[in-house]
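Just so it is clear, the values below take in all heavy atoms, side chains as well, and ignore hydrogens, waters and symmetry mates.
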Amino acid sequence: SFRNDMNEIFSETGLSFTLTEEKIVERVIEYGVLSSQVINDISTVSERGIRDLLNEAICLCKTPNPSARSGAVEKLWDAFERLKTYYTTLGKKKSAAKIVSDMSGGEVAFSTMFDEEFKVLTYIGNN
């Protein structure tokens with residue numbers, strides 16, 4: 001009852017928060033990339049270290065504290081760096097290239113987009 005009342009107050013006042021069943025106030029992200037499908041798909045990531053980093057990023061992203069979002073980006077960066085060494089028989093660059101190739105499924109437009117995104121992530125991570 002209390003949780004429902006709090007969520008009603010959040011909604012009526014236009015605050016983008018929700019009180020979960022675990023009694024945690026979370027930020028509601030309606031139009032972001034963090035959909036429930038993305039959150040559920042992370043549980044299928046077989047490499048535990050990457051999965052843990054992604055889950056930590058989600059928790060930090062959902063917190064009402066805006067300064068925690070930089071921590072979420074750091075966790076994503078750490079997961080990205082770890083992912084680049086996924087193919088252990090390849091070097092870091094070749095492993096990253098194979099990941100881009102796998103993700104794009106042979107579609108040049110997707111491959112170009114992923115390459116650009118990874119370059120931006122690398123730039124941000126290094127700066």
Side-chain angles (χ1 to χ4, degrees):
S1 173
F2 174 76
R3 186 171 73 82
N4 289 337
D5 291 345
M6 287 302 302
N7 286 332
E8 188 174 324
I9 290 169
F10 288 147
S11 178
E12 288 176 358
T13 58
L15 294 173
S16 297
F17 300 113
T18 187
L19 181 61
T20 68
E21 290 181 11
E22 295 81 26
K23 300 179 184 121
I24 299 171
V25 175
E26 288 185 346
R27 187 168 64 106
V28 176
I29 308 166
E30 293 182 36
Y31 303 106
V33 296
L34 192 56
S35 67
S36 58
Q37 181 176 348
V38 168
I39 293 169
N40 291 334
D41 286 350
I42 287 174
S43 66
T44 66
V45 173
S46 59
E47 209 281 317
R48 183 178 177 181
I50 293 173
R51 187 178 59 242
D52 289 347
L53 287 167
L54 293 173
N55 282 323
E56 287 178 49
I58 288 170
C59 288
L60 289 168
C61 186
K62 285 182 164 185
T63 184
N65 183 353
S67 64
R69 292 186 200 114
S70 65
V73 172
E74 288 177 20
K75 296 299 178 187
L76 288 175
W77 172 254
D78 292 344
F80 172 63
E81 283 299 308
R82 190 171 181 137
L83 182 65
K84 288 196 296 189
T85 60
Y86 182 76
Y87 293 104
T88 56
T89 59
L90 304 174
K92 207 175 199 182
K93 284 187 178 188
K94 287 183 180 178
S95 180
K98 178 153 178 45
I99 290 166
V100 167
S101 174
D102 293 347
M103 289 174 21
S104 64
E107 294 288 331
V108 175
F110 287 138
S111 180
T112 302
M113 179 186 68
F114 292 139
D115 276 336
E116 290 302 315
E117 290 294 323
F118 284 172
K119 285 177 188 173
V120 170
L121 277 175
T122 299
Y123 176 81
I124 292 169
N126 290 332
N127 293 298

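Under the 4.5 Å side-chain heavy-atom criterion for Ile, Leu, Val, Met, Phe, Trp and Tyr, Val73 and Ile42 are members of distinct hydrophobic clusters. Linking ILVMFWY side-chain heavy atoms closer than 4.5 Å, directly or via other members, places Ile24 and Phe17 in two distinct hydrophobic clusters.
Thr63 contributes no side-chain N or O that, together with a main-chain N or O of Leu60, makes up a donor-acceptor pair within less than 3.5 Å. Panel note: side chain Thr112, backbone Val108; a donor-acceptor pair is recorded below 3.5 Å. Ser95 contributes no side-chain N or O that, together with a main-chain N or O of Leu90, makes up a donor-acceptor pair within less than 3.5 Å. Remark: side-chain polar atoms of Glu107 are not paired, donor with acceptor, to backbone N or O of Phe110 under 3.5 angstrom.
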*In sequence, state the C-alpha distance, the side-chain angles, and the governing distance for Lys62 and Ile39, and then conclude on side-chain contact (heavy atoms from CB on, under 4.5 Å).*
CA-CA 12 Å; Lys62 285 182 164 185; Ile39 293 169; 3.8 Å; yes
*Evaluate the criterion side-chain contact (heavy atoms from CB on, under 4.5 Å) for residue pair Cys59 and Asn55; output intermediate values, then yes/no.*
CA-CA 6 Å; Cys59 288; Asn55 282 323; 5.6 Å; no
*asked:* Between Lys98 and Asp102, does the salt bridge (Lys or Arg N to Asp or Glu O under 4.0 Å) criterion hold? Intermediate values first, please.
replied: CA-CA 6 Å; Lys98 178 153 178 45; Asp102 293 347; 3.4 Å; yes
_Does Leu54 form a side-chain contact (heavy atoms from CB on, under 4.5 Å) with Leu76? I'd like the steps, not just the answer._
CA-CA 6 Å; Leu54 293 173; Leu76 288 175; 3.8 Å; yes
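Distance check, rounded to the nearest 0.5 Å: CG of Asp41 to OG of Ser43 gives 7.0 Å. Distance check, rounded to the nearest 0.5 Å: OG1 of Thr18 to CZ of Arg27 gives 13.5 Å. Note that OG of Ser70 is 15.5 Å distant from CH2 of Trp77, once rounded to the nearest 0.5 Å. How far CD of Glu56 is from CG of Asp52: 6.5 Å, rounded to the nearest 0.5 Å. Taking OG1 of Thr20 as the start and CE of Met6 as the end, the distance is 12.0 Å to the nearest 0.5 Å.
Surrounding OH of Tyr86 are at most 12 heavy atoms belonging to other residues, nucleotides or ligands under 6.0 Å away.
Contact detail for Ala72 and Cys61: the closest heavy-atom pair is CB-N, 3.9 Å. Heavy atoms only, all atoms of each residue included: Leu53 and Lys75 are closest at O-CB, 3.6 Å. Closest non-hydrogen pair, Ile99 versus Leu83, comes out as CD1-O, 3.0 Å. What you find for Ser111 and Ser104 is that their closest heavy atoms are N-CB, 3.4 Å. Minimum heavy-atom separation, Phe10 to Val25: CZ-CG1, 4.3 Å.
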